[in-house]
*Asks:* 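Here it is, the structure in full.
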Amino acid sequence: MKSKVSKMRLSREFYARNTVKVAKDLLGKTLVCKIGKKTISGVITETEAYRHSDDPASHAFRSMTERNKAMFGEVGHAYVYFTYGMYYCVNAVAKSKNFQAGAVLIRSLEPKDGIDAMRYNRKTDNISNLTNGPAKLTIALGITKTHYGEDLVNSPHLYITDEDSINGKIRVSARIGIKQGTEKLWNFKIKV
DNA sequence: AATCGGATCGTCT
DNA sequence: GACGATCCGATTG
């Protein structure tokens, strides 16, 4: 019998649930990005849920476009978007079957593997400043437009594993940087 | 500790 | 043609 620490990838079914529920459940999971021989990863410590026509803050609120089409696609894929002229942010597409679109924005990580590579990518030595923001973590892990639509369930480059678990309470608040939908408390975080 | 402006460009109106 | 699901450095209190 092997008594190995589980490093299971999250299954397709994990993502095929209410976007808000998936956002909470992604806390404590590990986001992994492999480029060449480098493996860079971190434990997810903050997420936000964005849904469809019930959510005016969502990129998918109005209709499907070339930019947001991943949010309408199969669950478990990555939705990467470019913003403010210089940054990328990464989401995991997640929705229950009665929704046409939905995704969970990964807002912060606790650095885990490949910290030297993160320091290089981010051009800073301050570990607590490497991945504590949605655009910071994509820079640290090397996530860009090329990861658009990547299948987190099967891709060798980008995926999420179950190897960590959460301890402590989930803090719930309004989402950051939005002007509509502020009444929805769909920002979730855990303390490290 | 909190606030402010600049950087910079793809996307949608 | 305006505006971001942001970050950083500078300035002020």
Side-chain angles (χ1 to χ4, degrees), chain A residues 15 18-27 29 31 33 40 42 44-73 75-95 99-111 115 117-150 152 158 160 170-191:
Chain A
Y15 301 100
N18 185 327
T19 310
V20 176
K21 193 165 288 187
V22 174
K24 284 185 206 170
D25 289 350
L26 278 174
L27 296 172
K29 305 294 192 281
L31 177 64
C33 188
I40 312 181
I44 297 170
T45 54
E46 183 178 357
T47 61
E48 278 175 2
Y50 288 91
R51 295 205 306 205
H52 182 218
S53 48
D54 64 331
D55 182 8
S58 173
H59 287 167
F61 179 60
R62 296 181 185 282
S63 62
M64 186 166 72
T65 65
E66 194 59 25
R67 179 206 205 192
N68 66 20
K69 64 181 179 186
M71 288 183 73
F72 291 82
V75 299
H77 289 248
Y79 167 46
V80 179
Y81 67 90
F82 183 69
T83 192
Y84 290 104
M86 55 182 105
Y87 297 118
Y88 291 101
C89 295
V90 63
N91 296 245
V93 176
K95 65 209 176 196
F99 275 81
Q100 291 178 43
V104 176
L105 172 66
I106 315 280
R107 285 194 60 87
S108 78
L109 302 175
E110 174 70 7
I115 291 181
M118 290 190 199
R119 277 201 267 250
Y120 176 79
N121 291 340
R122 290 272 298 119
K123 303 184 188 351
T124 176
D125 284 332
N126 184 352
I127 292 187
S128 63
N129 193 33
L130 289 176
T131 53
N132 62 335
K136 294 179 185 180
L137 70 90
T138 58
I139 296 168
L141 301 217
I143 297 170
T144 68
K145 197 80 176 173
T146 63
H147 295 94
Y148 189 95
E150 195 86 9
L152 302 173
L158 187 65
I160 303 176
I170 296 176
R171 301 213 41 137
V172 178
S173 47
R175 293 169 291 178
I176 311 294
I178 58 167
K179 297 204 169 104
Q180 297 174 66
T182 54
E183 78 287 352
K184 291 178 166 57
L185 303 181
W186 288 354
N187 172 293
F188 307 103
K189 47 184 182 266
I190 52 176
K191 286 185 179 168

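The chains referred to below are lettered A, B, ... by the order of the sequence lines, with proteins before strands, and numbering in each begins at 1. Remember, predicted model here, so these are calculated numbers, not experimental data.
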*Asks:* When the ring centroid of A/Y15 is compared with that of A/H77, is the distance short of 6.0 Å?
*Replies:* no
*Asks:* Which comes earlier along DNA chain B counting from the 5' end, the contact point of A/M86 or that of A/K145, where each point is its nearest nucleotide?
*Replies:* A/M86
*Asks:* What is the nucleic acid contact for A/K179, judged by heavy atoms within less than 4.0 Å: base, sugar-phosphate only, or nothing?
*Replies:* sugar-phosphate
*Asks:* Counting only Watson-Crick or G-U wobble pairs whose two distances fall under 3.5 Å, which nucleotide matches B/dC9?
*Replies:* C/dG4
*Asks:* Using a heavy-atom cut-off of under 4.0 Å over every strand shown, decide if A/A57 touches base, sugar-phosphate, or nothing.
*Replies:* base
*Asks:* Which part of the nucleic acid does A/I178 contact within heavy-atom distance under 4.0 Å: base, sugar-phosphate only, or nothing?
*Replies:* sugar-phosphate
*Asks:* Going by distance alone, is a donor N or O of one side chain under 3.5 Å from an acceptor N or O of the other, for A/Y79 and A/H59?
*Replies:* yes
*Asks:* Are A/L109 and A/I44 close enough that some pair of their side-chain heavy atoms sits under 4.5 Å apart?
*Replies:* yes
*Asks:* If I take atom NE2 in residue A/H59 and atom P in nucleotide B/dG10, what distance separates them, rounded to the nearest angstrom?
*Replies:* 16 Å
*Asks:* Shoot me the first and last contacting nucleotide of DNA chain C against chain A, ordered 5' to 3', at under 4.0 angstrom to non-hydrogen atoms.
*Replies:* C/dG4 to C/dC8
*Asks:* I'd like to know if the side chain of A/T19 reaches the main chain of A/A94, judged simply by a donor and an acceptor atom lying under 3.5 Å from each other, with no hydrogens or angles considered.
*Replies:* yes
*Asks:* So if I apply the side-chain hydrogen bond (donor to acceptor under 3.5 Å, both in side chains) rule between A/K136 and each of A/N129, A/T131, A/T124, which one comes out positive?
*Replies:* A/N129
*Asks:* Pick base, sugar-phosphate or nothing for A/Y87, based on heavy-atom distances below 4.0 Å to the nucleic acid.
*Replies:* base
*Asks:* Looking at side-chain heavy atoms only, is the closest gap between A/I139 and A/Y87 below 4.5 Å?
*Replies:* yes
*Asks:* Would you kindly give the CG-to-P distance between A/N68 and B/dG10, to the nearest whole Å?
*Replies:* 17 Å
*Asks:* Atom CD1 of A/I139 to atom C1' of B/dT8: distance rounded to whole Å?
*Replies:* 13 Å
*Asks:* With a 4.0 Å cut-off on heavy atoms, is A/R67 in touch with a base, just the backbone sugar-phosphate, or nothing at all?
*Replies:* sugar-phosphate
*Asks:* Quickly work out the A/Y79 OH to B/dG10 P distance and round it to whole Å.
*Replies:* 15 Å
*Asks:* Rounding to an integer number of Å, can you tell me how far A/Y88 OH sits from B/dC9 C1'?
*Replies:* 10 Å
*Asks:* With the side chain counted from C-beta on, respond yes when A/T45 and A/K191 share a heavy-atom pair under 4.5 Å apart, and no when they do not.
*Replies:* no
